[in-house]
Structures are given as structure tokens and as C-alpha cells.
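The structure appears below as C-alpha cells.
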Protein chains: 2
Amino acid sequence: MDASPPVPPLPQGRRSAIRRENERLILIAAEKVFAEAGFGGATMQLIADRAGLPKANLHYYFATKEDLYRRVVETIFTIWLRAAEAFDQAPDPATGIGAYIAAKMRISRDHPYGSKVWASEVMHGAPVIQDYLETTLRSWTEGRIAAIRRWIDEGRMAPIDPRHLLYMIWATTQHYADFTHQIETLNGGKPLSDRQWKAATDSVTAIILRGIGAA
Amino acid sequence: MDASPPVPPLPQGRRSAIRRENERLILIAAEKVFAEAGFGGATMQLIADRAGLPKANLHYYFATKEDLYRRVVETIFTIWLRAAEAFDQAPDPATGIGAYIAAKMRISRDHPYGSKVWASEVMHGAPVIQDYLETTLRSWTEGRIAAIRRWIDEGRMAPIDPRHLLYMIWATTQHYADFTHQIETLNGGKPLSDRQWKAATDSVTAIILRGIGAA
DNA sequence: GTGTTCCCTGACCATACGGTCAGGAAATGA
DNA sequence: TCATTTCCTGACCGTATGGTCAGGGAACAC
């Protein structure tokens, strides 16, 4: 879990600026390489090259390849959890779910590599973050399901299965990150423009909100 | 593209039963291993073990790891294309899109490994099947977009963006294959039952059809 | 039978990988 | 200034990988 080197952090808990900066460089490079090559296909040498550091230096900050990988996966998971705040404190499904979709679409655009690493991890059986699935993700999901069910009981939306609604939102929003390459190919080889990202978000939001009778 | 050994097939074009059977065993094992470990993480030795054959025998039938991988990816792509027939000859969107969703959900259940291999391939930039994306998939997509546009013009469904509708269908249906592990974890660690698969298909169909005003 | 094609595989090879380590440089604190 | 901690890295190691190959066995056509 902790990726610190053998020596514990400074007593003051203030990691030196050098350490912080290098960890940042390494994590950025690692996210990209893991996303593009998968855990098995990624090499420490390639990550080192992208970070502009010697390979041995990576092992100074991250003991093993798996430690580094775990940190990358945890990062995107944390970002997604934060986006869920859009869900809470919303008076009605159109507001709450609409905001959640918008937040997740924005993350897909801003953190496509992290999303891919997560997808890859889950597809391979979540060997590294199984505990997160069973604890944090499970309880988060239960909470959201309860909220949706409340909206249904109040007659604010159609009686759909909350669980499959959540899966649909995850699948659709993350698709724009995980399948970026396919989408770009079908877009004439060019990345989606600002306007196209907005159109995508609007389309997804419109179909889902109308689909659950909350439009 | 062709994964035949140096020696060309029999003149009669009838590959021996031995060859056909062994290729089948290898492809089944390879699909699973590639799905579980990714291209980089998969090893020929592991595939050989799963197929119950010596490693050298794999290289007799498939010259390289990449040849074998390509065959696996092509297989799932072909299966998906066949499912698209449900789309055609449908008089209205509810029938056509409903049948397409049902077909894709069934494939997600029957071929989860192939779906994962495809997802992994696309996520890594489609190094092996880029030509398929640019030719077959692109023209298939254009055709379907035209069909949807026709339905919209005829007032049979709401004027949504056909492209994003297709992405949503792909994303959602394939999610049940690619994220099987996450879904099972959130299902108490158990695979979806027949009943739950039906509920999933019904939920997805209901939300999308109502979402596009075709329910 | 017998010649020919197809099938099989243990042993091997070059390469590349994750990880280690000793020893030095740079920063930090008193 | 000088002692101590932190940071850095070239060289190295054991292992595992994709792929090769020679030589032998099975199947089949005639």
C-alpha cells in the first residue's frame, strides 16, 4: 500500500520538494505507459524514459512495479469518488444524475489514461484493487442505489433498476475515455472538439434522463 | 493476416481434422489467456498449458504470438458484425435497436473473453486491427447511422445524435462482458443468474428505447 | 510396402525484464 | 564548517520470454 522507500518520511511529515516533484513525474509517465501497454506490457525502463529519469531512480521512489501501478489505480478511483458528490444533495434525479454524468464525462476527457488503467485492472480480475471493490465501491454503490430508489418512490422517475442505471452511466461515460482511439478513428482520425464533447455529453444526458422518465 | 504455417494448406482446401481441432484448442486457450493477462502479460507457455499442448506445437500452427492474437481479435469482431443483422430489415427503431441490444447482450454473456481482448486492443491504440476500424467498422457505422437518421426523419424516434446512440449501445452492452468482475463483486461475488441477465437486458432496452422516444 | 507429407517436441538461444547494490553527489541542519 | 540524511545511478544478476530447429513419429496416397 505504502510506496515509501525503506527510509520512513521526514519526522515533520513534510516530504522534500525533490521527492514530491519526482514522484509526480513518475506517476504521470507511469499512468500513460500502463494505459498504453497494460501492466504486463509496460516496462520500468519505458516509464523511466518518459519521466526523464534513470530506471534505478524509479526503484528508489517506488519499490516495485506493482507499487507504482497501485498508486496509479488509486488515483483515478479517488477522482471518480469525488465526482460522486454531484450526486448527493440533489433534490431531483434530473439535477443529480445530470450533474453526475457531466462530471464523469469531464473526467473521461481529462483523465483518459487513468480510466484505461482502471478498466484494464478490472478486466484482468482486479488482482490489485479487489479490496476497494469490496469495500469502498460496494458501499458507495449501495448508497446511490438507495438514493435512486427514494426518487422512484417519490414518483420523480420511472421504476427502473437503479443498479443497471448506474452501470449504464459508468459504461457510457467511461467509453469516451477507454475507447478514445476507436471514437477518434470513427471521427476521421481527429480527437473530439470542444463542441463535440459537449454534443456527446448532451446526447448521453438527454437519452438517459428521458430514458428514466426524469427529463 | 494468414496464420498458416510455412507449408500451404492442402490442395483440396480441406485442412486435416487434426489441424482444425488443434487450432480450435489453441484459440480457445489463447482467448482466455489474452483476456486475463493482456497481450503483454500473456505468455505462449501459459496458452500452451491451457491448451494441453507443448509450446513448440503452438508455434507450428501460429508462427508468432501476434498472429495468434490477431486471430482471436478477428473472431470477436466477426461475431459482433453478424449480430448487426438484427439491425437491418427492421421496420422501426424499437424492433431494430431492441434486437440489436438483445443480440449484443447475449454475446457479452457468451463471449466475455473475446470482448475483453477487443477492449484491450482498442484501449492500447488498436496496433493490430487499426485497418478493421478504418474500413469495415467505419462503413458499418455509417450505414447504421443512415438507417437511424431515416427513422428520425420518418418521425419514428426523437432527433438524437445517431453516433452517440451507437456508442451508448456498444458501451453498455460490452460493459457486462468487460467489467464482469466488477459486476460480480457488486453482486455478492456471484455471477449473474439467468434471471439477472434478463433483468439487465430489459433494463438497458427499456431505458434506451424510452430515451430515444421509441418505446 | 514405400514414399511423401504432415505433425510433434525436447532442447536450445538471444534478448529483455524486474530488481539490487555499492558508492558517490547533493542537500540539509547545527 | 562538518556531520548526516537524502538522493542518484551505472553496472550487474537471475530469470523468463518469444522463437528456432533438428530429428523423429504418424498418416496417408498409391
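Values below: every heavy atom of this structure, side chains too, minus hydrogens, waters and symmetry copies. Bear in mind the structure is a predicted one, so any value in this text is a computation, not a measurement. Each chain gets a letter, A, B and so on, in the order the sequences are listed, and its residues count up from 1.
Nearest to the side-chain atoms of B:T43 among the listed nucleotides C:dC8, C:dA27, D:dG18 stands D:dG18. Listed candidates were D:dC7, D:dT9, C:dT9. Nearest to the side chain of B:P54 is C:dT9.
The shortest distance between the side-chain N/O atoms of B:N57 and the OP1/OP2 oxygens of C:dG10 is not below 4.0 Å. At D:dC8, none of the side-chain N or O atoms of A:Y60 fall inside 4.0 Å of OP1 or OP2 (strictly under the cut-off). For A:R19, a side-chain nitrogen or oxygen approaches OP1 or OP2 of D:dC7 to under 4.0 Å.
Straight-line distance from the CD atom of A:E21 to the P atom of D:dC7: 13 Å, rounded to whole Å. The separation between B:I26 atom CD1 and C:dC7 atom C1' is 12 Å, rounded to whole Å. With rounding to whole Å, B:I18 atom CD1 is found 17 Å from D:dG25 atom P. Between the C1' atom of C:dC17 and the CG atom of A:L68 lies a distance of 15 Å, rounded to the nearest Å. The distance between atom CD of B:Q45 and atom P of C:dG10, rounded to the nearest whole Å, is 10 Å. Put simply, OH on B:Y69 is 14 Å from P on D:dG18, counting in whole angstrom units. Between A:L46 atom CG and C:dA16 atom P the separation is 14 Å, expressed in whole Å. Rounded to a whole Å, the CZ atom of B:F62 is 13 Å from the P atom of C:dC8.
Of the options B:S120, B:S115, B:S108, a side chain to side chain donor-acceptor pair (under 3.5 Å) to B:D178 is made by B:S115 and by none of the others.
Counting any heavy atom pair closer than 4.0 Å across all strands shown, A:A48 reaches no nucleic acid atom.
A donor-acceptor pair under 3.5 Å is formed between the side chain of A:E31 and the backbone N or O of A:G114.
By the 30° and 60° cut-offs, the orientation of the rings of B:F39 relative to B:Y69 is perpendicular.
The closest side-chain donor-acceptor pair between A:Q182 and B:Y167, if any, does not fall under 3.5 angstrom.
Using a cutoff of 4.0 Å between basic side-chain nitrogens and carboxylate oxygens, A:R24 and A:E21 are scored as salt-bridged. A salt bridge links B:R109 with B:D194: at least one charged nitrogen is closer than 4.0 Å to a carboxylate oxygen.
Note that CG of A:N22 and OH of A:Y61 are 4.0 Å apart. Values are rounded to the nearest 0.5 Å.
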Identify all pairs in which a protein N or O lies below 3.5 Å from an N or O of nucleotides 19-23 of chain D, and state each distance.
residue, atom, partner, partner atom, Å
D:dG19, OP2, B:K65, N, 2.7
D:dG19, N7, B:K55, NZ, 3.0
D:dG19, O6, B:K55, NZ, 2.8

